[in-house]
Amino acid sequence: MIYKFNEIEAKWQNFWAENQTFRAENNSEKPKYYVLDMFPYPSGAGLHVGHPLGYIASDIYARYKRHKGFNVLHPQGYDSFGLPAEQYAIQTGQHPAVTTETNIKTYRRQLDQIGFSFDWSREVRTSNPEYYKWTQWIFIQLFESWYNLDSDKAESISTLVALFEAEGNSKVNAVCDDAVSQFTAEEWNALDEKQQQEVLLQYRLTYLAETEVNWCPALGTVLANDEIVNGVSERGGHPVVRKKMTQWSMRISAYAERLLQGLNTIDWTDALKESQRNWIGKSEGASVTFNVEGHDAVIDVFTTRPDTIFGVSFMTLAPEHDLVMQITTEDQKADVEAYIQATAKRSERDRMADVKTISGVFTGAYAQHPFSKEPIPIWIGDYVLAGYGTGAVMAVPCGDQRDYDFAKHFDINIPNIFEGVDISEAAFADKATTVIANSDFLNGLNYKKATKRAIYELEQIGQGEGKTNYRLRDAVFSRQRYWGEPFPVYYVNGMPKMIDAQHLPIQLPEVEKYLPTETGEPPLGNASVWAWNTETNQVVANENIDNQTVFPLELNTMPGWAGSSWYFNRYMDAHNTGAFASQEALNYWKEVDLYIGGSEHATGHLLYARFWQKFLFDRGVVPVDEFAKKLINQGMILGTSAFVHRVASVNVHSKNVQVKNPGKGFTPLADKFIKSIKINKQLFFTNSMLNLKRYCDSKGVSKEATLRDFDIQEEYSNLIKNSIEPFVSSEDLDFLDTLKYALVLGSTSPIHADVSFVNSSDELDMEAFKNWRAEYKDAVFVTEENEVYKVGREVEKMSKSKYNVVNPDNICAEYGADSLRLYEMFLGPLEQAKPWNTAGITGVHGFLKKLWKLYMTENGCAVTDAEPTKDNLKTLHKTIKKVEEDIDNFSFNTSVSTFMIAVNELTAQKCKSKAILEPLLVLLSPYAPHICEELHSQLGYDSSISTKAFPVFEASHLVESSKNYPISFNGKMRFTLELPLDMSKDDIEAAVMAHEKTQAQLQGRTPKKVIVVPGKIINIVG
RNA sequence: GCUGAAGUGGUGGAAUUGGUAGACACGUUGGACUUAAAAUCCAAUGGGCAUUAGCCCGUGCGGGUUCAAGUCCCGCCUUCAGUACCA
């Protein structure tokens, strides 16, 4: 019987589905274990071999834990709201739900063929109303909550209202808008309903606010900071501008400290925790209030160095700061306005691109130093960011490099407040050792004491206090999109109202067009049935809006991260219609034990999900406040891209060339004049032609001169000639001579070619390439001598747009899912980025064939009840030990080698003993489940191998009586010597010294020292 | 600039507490089987000198600790990833 992997894999995939082998129960005698993958967005392109890497690792772990006696929850689903389906809808009119459904079918087929042990009965899709009903429900809970700093948790808004009614807001310690004004209980009770709601909105954990947002005109939507890369949209690379809009926001800043502290309690990678810490950006210091001379206005700043308060010689405001126009003097008005206009025009990207340029303008106004009462000039400058701190800084040129540069540039006074430190180096001084000088009451104090004292003194005069600042901003939660969760919100007199939870879900309305409306409203503005009837509690036609009982509904939808911020809880009880999950299920599964996914979600999904989990915990909905105990980032699988080099122009250098000019006929080129001729045809140079150019460049000599040393081969010549001919008169032209001077001068551009057109020797199938796109139909290739065209290669991220994807479908068809699974693990450490090379899969495929032959002959199963030999047992047990350690350390690559070694050894030992071969299958089955199920059934079992217990390691089988000692001389191994392990140190030394090879090495010299480490090594020092 | 990770054969990568560097594969070369190819099997494969033994060099670079360093310490270089006028 031969190894027919296609048949076997289909058979067992059906078996698992029919028997619901991997269905998890919500109660069990066994301990629970929850293994989760980051669920995919089902894109139209389907899976490539990079996607399943993490899923394979988690699947191995899940299967291993089942063998180890755990009740394992290993679910999968789809993050199915998102931009691509909507973009496709805009282009084709196809409803995103249809596209999504089609894509999910493809994903499911691809996932199934790899043999994952997912419990599909718990599948979730974020775009399903049964799911987003609960996303909407969580939104309502956030709206109905405020953050109480006294209890340090989120509480019901009703507790806040009770406080207001009893004593106003002066004693309320809450996270709220900066703009909140103080009121007494009487004042509160005197407010009308709308006014009260306006106040409460400033406290709610999700709130409407006019915010400056990142607006992407091309996508017609607002983007979060982490959806912008290098100043352009992550998706599509469109420009992004700042714009003020009324948006829903999430008060994640309330959780900044707890999000930071929580990192210490979870087993996530240091890199990931570090990027979350940076994102949260905690800095401790003080807020300082500066009075402005001749104005009522004050300027608040945040500083991490209150100890340097006497070093302040100017202040800088962000150009967007509210006070700028108020305080600017008549004289300076023109300059300031011009500067503000100039900076507003510069995009965020321009500003980032040129960090070095120092710019700013004096406002003409002066602030007053809080202690010395000296006047401090107030400047504006774009190095101060409106979005961080208060958008204003107290500038200490001797303590901060940017302030120093600014002061130098504009010739502002630079007082020195550090004892014995040169002013030009003060900014780099070690703050732990410097001592403050010229600073009144801070003189002689070190950084730590001076900071404390400065804050104390500021508090005394009421012009400052100790303060902790966080970089983390509240998250904008509105998107001007169609394909997202609708808000359960309608508007009465412009105030938002929540729809009662019992009427959820509020389903997405049908629209004619998926684009923003002509008046610039979000796509839901196109819906004709999108109003809320408060009597019938139904969505009704807009034409019924009457301001009495029928009101407009929110037109924005929720961002992509809404649905993914709580899905891990839904898997625990995926079909519950009465709650987002039952308390029993939540209390049983609690949290994810192992979460595997990409590091690109470090500051997006993984931060928002932690935020929601903490909120839900505060409100008593979930039992734990961190949703994932352990998290592993799988590394990216890289593709090997292929490039063709398209020539844009050829430079011709000759005395006699005549060039055809449009409308002027042929005109001669001047002597030693280089003419660049644009090539209209698609002309591609083979890769080695590029190397020629690189050679010229690397020699650093004149390109023309260097080129004269080369003979351009005739193959190249004819093609270049054909390309140039239409432009050049051929009468007095010696082409071959001319072509010696024709070269590529930085005029080629690399173009991705689909890797399927290229063989393993980098040779391009030129016909296939020509037929790829209409524009390449008449492509001309400058080839190697043997008429082959070689592509350039580069390893980069595997992606459809780089035409370097490898499809797992083809791999499964040709080698089988077990080979794919093993190979993905064999490539290297899970967390490391690694290039894909399909050719290497023959190694693991060959291993599976060897494994098969260990059990099966032409006549069927060859496994016997024979007693295992000592060697058999030794091989088995060292494999058990190693594999178990490897899985516990997520070192799956090394365990694949271990399996190979085991099979090689057992084959050599001609082992047919069931006592060895059966446990071996259990060891391997997490990695290669199909073949192991099949061989297991060939051993005579009816049930799935997944029910078998993991073999138990017995150290007794590995006990050795002798050791093959490496004998080294001065640390260099020269030969080995087999000696009994129970031999004494002295006897070992004697035995080694007596050996003839030792004497040969020493050549009569007496060793200075002999190091004997029993069981390890012997080193003779000469 | 800062933070994090990593530099080992032609390639992917092993080496778990300092103890035989290069496991296991891919690739390459030679051989067997075959009319041939594929598949399979066997052998060799870090570099250099010798081709029998043997010797020298070798884990990014320069130092150091140690009987012994890919592994530990100090100082650099390079690559990748994240992040940035953060006051």
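Chain letters run A, B, ... following the sequence lines, proteins first and then strands; every chain starts at 1.
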request  = Quick one: label A:K849 by what it contacts on the DNA or RNA (base, sugar-phosphate, nothing), any heavy atom closer than 4.0 Å.
outcome  =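 A:K849: backbone/sugar contact only, no base atoms under 4.0 Å.
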task = Check every strand shown and say whether A:T898 touches a base, only sugar-phosphate, or nothing at a heavy-atom separation below 4.0 Å.
result =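 Result for A:T898 = nothing.
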When both hydrogen-bonding distances must be under 3.5 Å and the geometry is Watson-Crick or G-U wobble, what is [N] paired with, if anything?
{"N": "B:G13", "answer": "none"}
{"N": "B:G82", "answer": "B:C2"}
{"N": "B:A38", "answer": "none"}
{"N": "B:C33", "answer": "none"}
{"N": "B:U28", "answer": "B:A44"}
{"N": "B:A21", "answer": "none"}
{"N": "B:G7", "answer": "B:C77"}
{"N": "B:U51", "answer": "none"}

ask   = Can you check ring-ring contact (aromatic ring centres under 6.0 Å, His included) on A:H845 and A:Y823, steps first, answer last?
value = CA-CA 8 Å; A:H845 189 63; A:Y823 188 52; over 10 Å; no
Interatomic distance at [atom1], [N] relative to [M], whole Å:
{"N": "B:A69", "M": "B:G58", "atom1": "C1'", "result": "14 Å"}
{"N": "B:C33", "M": "B:U28", "atom1": "P", "result": "22 Å"}
{"N": "B:A14", "M": "B:G60", "atom1": "P", "result": "15 Å"}
{"N": "B:A50", "M": "B:C57", "atom1": "C1'", "result": "15 Å"}
{"N": "B:U71", "M": "B:G7", "atom1": "C1'", "result": "14 Å"}
{"N": "B:U51", "M": "B:C42", "atom1": "P", "result": "31 Å"}
{"N": "B:A81", "M": "B:G13", "atom1": "P", "result": "16 Å"}
{"N": "B:C26", "M": "B:C74", "atom1": "C1'", "result": "39 Å"}

Gap between atoms [atom1] and [atom2], on [X] and [N] respectively (whole Å):
{"X": "A:R402", "N": "B:G1", "atom1": "CZ", "atom2": "C1'", "result": "12 Å"}
{"X": "A:Y815", "N": "B:A39", "atom1": "OH", "atom2": "P", "result": "9 Å"}
{"X": "A:D886", "N": "B:A23", "atom1": "CG", "atom2": "P", "result": "17 Å"}

Residue [X], side-chain atoms from C-beta onward, closest of [options]:
{"X": "A:P966", "options": "B:U20, B:A87, B:C85", "value": "B:U20"}
{"X": "A:K850", "options": "B:U20, B:A25, B:A39", "value": "B:A25"}
{"X": "A:N904", "options": "B:A87, B:U20, B:C24", "value": "B:C24"}
{"X": "A:S897", "options": "B:C85, B:C24, B:U83", "value": "B:C24"}

Distances under 3.5 Å between nitrogen or oxygen atoms of protein and nucleotides 64-70 of chain B:
unit_1: B:C67; atom_1: O2'; unit_2: A:N1019; atom_2: ND2; d: 2.9
unit_1: B:C67; atom_1: O2; unit_2: A:N1019; atom_2: ND2; d: 2.9

inquiry  = Could you check B:G9 for me: syn (within 90° of 0) or anti?
reply    =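 Syn, since the glycosidic angle lies within 90° of 0.
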inquiry  = Looking at A:K282, I'd like to know if its NZ atom is crowded, meaning that more than 12 non-hydrogen atoms belonging to other residues, nucleotides or ligands lie closer than 6.0 Å.
reply    =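 Correct, the count exceeds 12.
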ask   = Nearest nucleotide by nearest heavy atom, which residue falls closer to the 5' end of RNA chain B, A:G391 or A:I901?
value =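 Looking at the nearest nucleotide for each, A:I901 comes out on the 5' side.
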message = Under the criterion side chain to side chain donor-acceptor pair (under 3.5 Å), I'd like the reasoning laid out for A:S253 against A:Y470: C-alpha separation, chi angles, the key distance, then a yes or no.
response = CA-CA 8 Å; A:S253 56; A:Y470 298 91; over 6 Å; no
request  = Begin with the C-alpha distance, continue with both residues' side-chain angles, and end with the deciding distance and a verdict on ring-ring contact (aromatic ring centres under 6.0 Å, His included) for A:F406 and A:Y383.
outcome  = CA-CA 9 Å; A:F406 195 89; A:Y383 81 94; 5.3 Å; yes
ask   = Base, backbone or nothing for each nucleotide of nucleotides 3-14 of chain B, written B, S, -, heavy atoms under 4.0 angstrom, 5' to 3'?
value = SS-------BSS
